Amino acid sequence: GDSVTQMEGPVTLSEEAFLTINCTYTATGYPSLFWYVQYPGEGLQLLLKATKADDKGSNKGFEATYRKETTSFHLEKGSVQVSDSAVYFCALSDRGGNQFYFGTGTSLTVIP
Amino acid sequence: DSGVTQTPKHLITATGQRVTLRCSPRSGDLSVYWYQQSLDQGLQFLIHYYNGEERAKGNILERFSAQQFPDLHSELNLSSLELGDSALYFCASSVSPQAASEQYFGPGTRLTVT
């Protein structure tokens, strides 16, 4: 079945460091891919998405490219801030948007 | 604030009991998704309803059931509760089931089974 595997955390970085969180997926057909972020005590929020191969999703300085050849959707940010401290979830949906699969989440802490 | 409301915020109950969690989607959203978040299993998709009809089932136990009412709010019923059912339960809503349609998550209901 469809699934998502993402880098385990926790990840601790200094402010202004480069961030990469790896995400790979297994899916039949052509899924859509997402990154969601969960701040402490809150629900998940969509960070970015890509719906087809080679699409790049971007938002708030974060980027991820849908790579069909490597079945990956790695999250990157060039310079993290303390306010980026949160849990990040990689997810995919089937083509019809009926069913979603989430990774286990990667906790990021950015220290000043 | 995502516009999705969930009640109650916290729920403490005993094993063997039955509880109902409620979700009101954002105004205009027809799809409601339910998820279970636990420390050991991450975020698990449970079930999806669109405009009152069930669209997809994920890892939902037979002891759990859900429905979406004509006013589009949804309820998740959990019965014969076990300690392992303790988790954070989220609902999310979207305009439609289209894959590109963004899901908006509620703040969650924390269920503790003692």
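Given the structure is predicted, the values throughout are model-derived calculations rather than measurements. Numbers restart at 1 for each chain; the letters A, B, ... are given by sequence-line order, proteins then strands.
- Ranked by heavy-atom pairs shorter than 4.5 Å toward chain A, the options B:Arg110, B:Gln44, B:Lys57, B:Gln37 are led by B:Gln37.
- Although no hydrogens or angles enter the test, the distance criterion places a donor-acceptor pair under 3.5 Å between the side chain of B:His48 and the main chain of A:Asn98.
- A continuous path of Ile, Leu, Val, Met, Phe, Trp and Tyr side chains, each step under 4.5 Å between heavy atoms, connects A:Leu46 with A:Val87, placing both in one hydrophobic cluster.
- A:Leu13 and A:Phe62 end up in the same hydrophobic cluster when Ile, Leu, Val, Met, Phe, Trp and Tyr side chains are linked at under 4.5 Å.
- In the displayed structure, B:Glu62 atom CD is contacted under 6.0 Å by at most 12 heavy atoms of other residues, nucleotides or ligands.
- Taking the six-membered ring for Trp and the full ring otherwise, the centers of A:Phe100 and B:Tyr35 sit at least 6.0 Å from each other.
- Residues B:Phe105 and A:Leu44 approach most closely at CB-O, 3.3 Å, considering heavy atoms.
- No more than 12 heavy atoms of other residues, nucleotides or ligands shown are found within 6.0 angstrom of CD on A:Glu16.
- Proximity to chain B (any heavy atom under 4.5 Å) is shown, for A:Gln99, by both the backbone and the side chain.
- Contacts of B:Gln103 with chain A are made by both backbone and side-chain atoms, with heavy-atom separations under 4.5 Å.
- Contacts between A:Tyr101 and chain B at a heavy-atom distance below 4.5 Å are absent for every atom of the residue.
- For A:Tyr39, the OH atom sits in a packed shell: over 12 heavy atoms of surrounding residues, nucleotides or ligands are nearer than 6.0 Å.
- B:Val113 and B:Phe64 fall within a single hydrophobic cluster, where Ile, Leu, Val, Met, Phe, Trp and Tyr side chains are chained together by heavy-atom contacts under 4.5 Å.
- Of the inter-residue distances, the one linking A:Ser93 atom OG with B:Tyr33 atom OH reads 7.5 Å to the nearest 0.5 angstrom.
- In this structure, chain A has no heavy atom under 4.5 Å from any part of B:Tyr50.
- Within 6.0 Å of CD on A:Glu8 lie no more than 12 heavy atoms contributed by other residues, nucleotides or ligands.
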